[in-house]
Chemist: 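Quick one: the structure is below, questions incoming.
Just so it is clear: chains get the letters A, B, ... in the order the sequence lines come, proteins before strands, and each one is counted from 1.
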Protein chains: 2
Amino acid sequence: MSLQYALLGIISKKPATGYDVVRIFKEQMVYFWNSTHSQIYTELHKMETKGLIHHELVIQHTSPNKKIYSLTDQGRKDLVQWAIEQPLKPAKIKDEFLIKTAAFNVLTVQDMIKLIDDVIERENKVLEMTNSWREHYINQEENDLGTMLTIEYGIRYSKMYLDWCTWAKDYIENSFLNKGSS
Amino acid sequence: MSLQYALLGIISKKPATGYDVVRIFKEQMVYFWNSTHSQIYTELHKMETKGLIHHELVIQHTSPNKKIYSLTDQGRKDLVQWAIEQPLKPAKIKDEFLIKTAAFNVLTVQDMIKLIDDVIERENKVLEMTNSWREHYINQEENDLGTMLTIEYGIRYSKMYLDWCTWAKDYIENSFLNKGSS
DNA sequence: AGGCGCATGTAATTAGTTACATGATTCA
DNA sequence: TGAATCATGTAACTAATTACATGCGCCT
C-alpha cells in the first residue's frame, strides 16, 4: 500500500513512465525505498483502475512506445491526505551486512575485516553516485524541496555508514591485539 | 531466506525461544532487521525440519511452556558458510517518513514541520531505548562483539537521523523565509 | 476489572521477487 | 557481435503481514 503513495509522490513532481520510476528508485531513493519493475508496472495498473493516475500513450519510433502517467485530482488528494493524516509506520530495514556483523562471533578476524572492506568499497561507490547525481541535479532549472532534503539524507546515511565501518575495524583490531583470533 | 540466517546468528550466541528472538529483533535489531512472531515461529519450524536447529522443551508452571532452540553442527556450518561466501545483497529499506519527505512539494510548510517534529520525537525515544539498553548490556558478564558493533551502529544511525531532521527544518525555514508557503 | 507480559501457534491475505517474454537501437 | 538502454508486461513463487486463537499470572 505504501508503494502506491511512493509512486504518487514521484509522479506528483513530474509525469513519469514506469521505467522512469524504476530509475528514480535506484538513483535517488535507494536510501529509503526499493521495488522492482514488475511490481511497479502492476501497481501502476491498479492505481489507474482506482482513478488515482491516468496515462498518455506516446508512440515512439527509435525506442518502444511509452505510457506517461500523471496524477488525477483524486490521486493528489489521496496523497496529501495520506501524508498529513496517516500515522507513520516505523521504518523497516533489511540489511544483510549488519546481520553478518551481529554474527561475528562465529567468524575469524580476517573474515570480519574482509567483509567490512567489501562493504566499505560498496558504500563508497553508492556515495560517489549520489554525490555526482546531486551535482548534476543542482545545476538544473527546477529544484524540488523533497529531492534536496532526501538527497542530503542519503549522503549523510552513506557517510555515517562509512564512518562506522572505520570505527568497527579499529574496535576489532584493538579487541584482538593481545588475544588471537576467533 | 536471509531471515533464517538472522535467526541462526541470534541463536548462535545463546540458545533462545521464538519469543526471545522477537524481543531481540525489536530491542537490538530494529536498525537493521525486522520480523513478526508469526513469521519467526514458522521459520523456526522449517529450520528444525532442515536440521539447522533443535529444541529442548521446558515445562513451566507459572507461565506457558517454552521451546529453547540451539544450533546443530549443520546450522553453525551453514551460518559460517553463508557469512563468508554469500555475496552481500544490498540493504533494503522501507522508510515511509522519507517517502513523505520526498513528496513535500504537495504539503504546506506547517505540515512539513509537524511531520518532522513527530519523527524527531519518535527517533529520540528509539535512541533513548537503545542507549539505556546498551548501558544495561555493558554492565554484564559476557559482552559479544557483534552486539557491541551493531548497537553502536544503531546509536550512530539515530543520531544521524536526528541531525538531519534539525538540518531539514532549518533548510525549510530558510527556503520559505521571504516566499510564503506551499 | 482490564491490560501487560509470557509463550506459542495457524490461516488468510498482501507484498515482493524471480523468471519468462519481446524487440529495436546504440555503443564498444 | 555482444552488452546496455529503452520500454512494457505476465506468471510463478516466496516472504511478510494481519487476523484469529488460547490462557495463566501479575500489577494497578
Chemist: For the residue pair B:K50 / B:Q74, report whether a side-chain donor-acceptor contact shorter than 3.5 Å exists.
Modeler: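 Absent: no donor and acceptor within the cut-off.
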Chemist: Can you list, by residue number, the residues of residues 4-23 of chain B that have a non-hydrogen atom closer than 4.0 angstrom to DNA chain C?
Modeler: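 Within residues 4-23 of chain B, the residues near DNA chain C are B:T17, B:G18, B:Y19.
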Chemist: Between A:Y41 and D:dT8, is there a side-chain N or O to OP1/OP2 distance below 4.0 Å?
Modeler: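 Yes, because at least one side-chain N or O of A:Y41 sits under 4.0 Å from OP1 or OP2 of D:dT8.
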Chemist: B:I24 CD1 to C:dA7 P: how many Å, rounded?
Modeler: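 Going from B:I24 (CD1) to C:dA7 (P), I get 13 Å.
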Chemist: Measuring to OP1 and OP2 of D:dA16, would you say a side-chain N or O of A:K94 lies under 4.0 angstrom away?
Modeler: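 A:K94 to D:dA16 OP1/OP2: side-chain N or O found under 4.0 Å.
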Chemist: Return the set of residues passing side-chain hydrogen bond (donor to acceptor under 3.5 Å, both in side chains) with A:K13 (not counting sequence neighbours), or none when no residue passes.
Modeler: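 Scan of A:K13 (side-chain hydrogen bond (donor to acceptor under 3.5 Å, both in side chains), adjacent residues dropped) gives A:D144, A:T147.
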Chemist: Going by ring-ring contact (aromatic ring centres under 6.0 Å, His included), name the residues that satisfy it together with B:Y31, two or more places apart in sequence or in a different chain.
Modeler: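 By the ring-ring contact (aromatic ring centres under 6.0 Å, His included) rule, B:Y31 matches B:Y157.
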Chemist: Is the shortest side-chain N to carboxylate O distance from B:K169 to B:E173 below 4.0 Å?
Modeler: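 No.
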Chemist: Please state whether the phosphate of C:dC6, meaning OP1 or OP2, lies under 4.0 angstrom from any side-chain nitrogen or oxygen of B:Q60.
Modeler: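 So the side-chain polar atoms of B:Q60 never come under 4.0 Å of the phosphate oxygens OP1 or OP2 of C:dC6.
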Chemist: Using five pairs at either end of the helix from C:dA1-D:dT28 to C:dA28-D:dT1, determine the angle between the two local helix axes and round it to 10 degrees.
Modeler: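 If I round to tens, the end axes sit 50° apart.
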Chemist: Mind checking what makes salt bridge (Lys or Arg N to Asp or Glu O under 4.0 Å) contact with A:K159, not counting sequence neighbours?
Modeler: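 A:K159: no salt bridge (Lys or Arg N to Asp or Glu O under 4.0 Å) contacts found.
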Chemist: Ignoring hydrogens and geometry beyond distance, is a side-chain donor-acceptor pair present between B:Y161 and B:N124 at under 3.5 Å?
Modeler: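 Distance-only check fails for B:Y161 and B:N124.
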Chemist: For a quick check, with a 4.0 angstrom heavy-atom cut-off, what is the B/S/- contact string for nucleotides 18-23 of chain D, read 5' to 3'?
Modeler: BB---B
Chemist: Per the ring-ring contact (aromatic ring centres under 6.0 Å, His included) rule, what does the pair list look like for residues 68-122 of chain A, sequence neighbours excluded?
Modeler: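 Listed by first then second residue: A:Y5-A:W82, A:H55-A:Y69.
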Chemist: Is a side-chain donor-acceptor pair under 3.5 Å present for A:N131 with A:E135?
Modeler: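 Short answer, no.
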Chemist: List in chain and number order the residues that pass side-chain hydrogen bond (donor to acceptor under 3.5 Å, both in side chains) with B:T17, two or more places apart in sequence or in another chain; answer none if no residue qualifies.
Modeler: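 Result, side-chain hydrogen bond (donor to acceptor under 3.5 Å, both in side chains) vs B:T17: B:D20.
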Chemist: Within this structure, what is the NZ-to-C1' distance between A:K67 and D:dA7, rounded to whole angstrom?
Modeler: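 Taking atom C1' of D:dA7 as the reference, NZ of A:K67 is at 11 Å.
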Chemist: Who pairs with A:K46 by salt bridge (Lys or Arg N to Asp or Glu O under 4.0 Å), at least two apart in sequence or on another chain?
Modeler: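 A:K46: salt bridge (Lys or Arg N to Asp or Glu O under 4.0 Å) contacts with A:E43.
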Chemist: Below the 4.0 Å mark, does D:dC24 have OP1 or OP2 next to a side-chain nitrogen or oxygen of B:N65?
Modeler: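 Checking D:dC24 against B:N65, no side-chain N or O comes under 4.0 Å of OP1 or OP2.
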Chemist: Please state how far atom CD1 in A:I40 lies from atom C1' in C:dG16, giving the value in whole angstrom units.
Modeler: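 Result: 11 Å.
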Chemist: Tell me: NZ of A:K46 to C1' of C:dT13, nearest whole Å?
Modeler: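 Interatomic distance, NZ of A:K46 to C1' of C:dT13: 12 Å.
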Chemist: Among all residues two or more places apart in sequence or in another chain, which pass the side-chain hydrogen bond (donor to acceptor under 3.5 Å, both in side chains) test with A:E152?
Modeler: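 Counting only residues at least two positions away or on another chain, A:E152 forms a side-chain hydrogen bond (donor to acceptor under 3.5 Å, both in side chains) with A:R134, A:R156.
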Chemist: Please report, rounded to the nearest Å, how far the P atom of C:dT17 is from the CD atom of A:E43.
Modeler: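 One finds 12 Å between P of C:dT17 and CD of A:E43, rounded.
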Chemist: In whole Å, what is the span from the NZ atom of A:K26 to the P atom of D:dA7?
Modeler: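 Those two atoms, NZ and P, are 13 Å apart.
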Chemist: So, is B:N34 near the phosphate of D:dT17, with a side-chain N or O under 4.0 Å from OP1 or OP2?
Modeler: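 Yes, within the criterion.
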Chemist: Starting at atom CZ of A:F25, determine the distance to atom C1' of D:dA7, rounded to an integer number of angstrom.
Modeler: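 Taking atom C1' of D:dA7 as the reference, CZ of A:F25 is at 17 Å.
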Chemist: Heavy atom of residues 123-133 of chain B under 4.0 Å from DNA chain C: which residues?
Modeler: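 None, since no heavy atom is under 4.0 Å.
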Chemist: B:K100 side chain to A:A83 main-chain N or O, any donor-acceptor pair under 3.5 Å?
Modeler: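 A pair under 3.5 Å: yes.
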Chemist: Can you tell me how far apart CG (A:L71) and CG (A:L7) are? Round to the nearest 0.5 Å.
Modeler: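 It comes to 10.5 Å.
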Chemist: Taking side-chain contact (heavy atoms from CB on, under 4.5 Å) as the definition, give me every residue that meets it alongside B:T166, ordered by chain and number, with sequence neighbours left out.
Modeler: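 B:T166: no side-chain contact (heavy atoms from CB on, under 4.5 Å) contacts found.
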Chemist: Specify the separation, in whole Å, of atom CD1 of A:I59 and atom C1' of D:dT8.
Modeler: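 In whole Å, D:dT8 C1' and A:I59 CD1 are 13 Å from each other.
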